[in-house]
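Inspection log for the structure reproduced underneath, given as structure tokens.
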Amino acid sequence: MLAAECAWIILRAEHTRIRELLALVDGTLKTGDWTRPGPQAASLVELIERLQAFDETTHRPKGVVLLEIPGPSKPCCKSTAS
């Protein structure tokens with residue numbers, strides 16, 4: 001039970017970080033400056049890359065593991081039927 005609570009605390013913190021990164025992307029998009037080549041466009045690309053890297057290296061691996069753990073509503077074995 002404690003492990004599950006800890007996992008959810010971590011995931012909530014990661015979701016907060018994802019929302020922060022998305023807010024930065026949203027703010028950059030709303031300026032309209034990203035439509036022209038230059039530092040603003042490069043800044044938008046960098047923000048998107050940071051969001052992708054965070055998801056791929058930090059957030060998604062935990063989600064994949066959690067989805068593999070059998071729970072009360074999930075069978076303990078994967079179906080082999082096609």
Less than 3.5 Å apart, which donor and acceptor atoms pair up between the side chains of residues 31-44 and the rest of the protein, not counting sequence neighbours?
| unit_1 | atom_1 | unit_2 | atom_2 | d |
| --- | --- | --- | --- | --- |
| Thr31 | OG1 | Thr28 | O | 2.7 |
| Thr31 | OG1 | Asp33 | N | 3.2 |
| Asp33 | OD1 | Arg36 | NH2 | 3.1 |
| Trp34 | NE1 | Leu29 | O | 2.9 |
| Thr35 | OG1 | Gly32 | O | 2.8 |

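Using cut-offs of 30° and 60° on the angle between ring planes, the pair His59 and Phe54 is parallel.
For Arg19, the side chain to side chain donor-acceptor pair (under 3.5 Å) criterion is met by Thr16, not counting sequence neighbours.
With hydrophobic clusters built from ILVMFWY side chains whose heavy atoms lie under 4.5 angstrom apart, Val25 does not share a cluster with Val45.
Ionic pairing of Arg17 and Glu20 is present here: one or more N-O contacts between side-chain nitrogen and carboxylate oxygen are shorter than 4.0 angstrom.
Once rounded to the nearest 0.5 Å, the distance linking CG of Leu24 with CG of Leu51 reads 10.0 Å.
Each salt bridge (charged side-chain N to carboxylate O under 4.0 Å, His left out) pair with one or both residues in residues 46-59, not counting sequence neighbours, appears once here: Asp55-Arg60.
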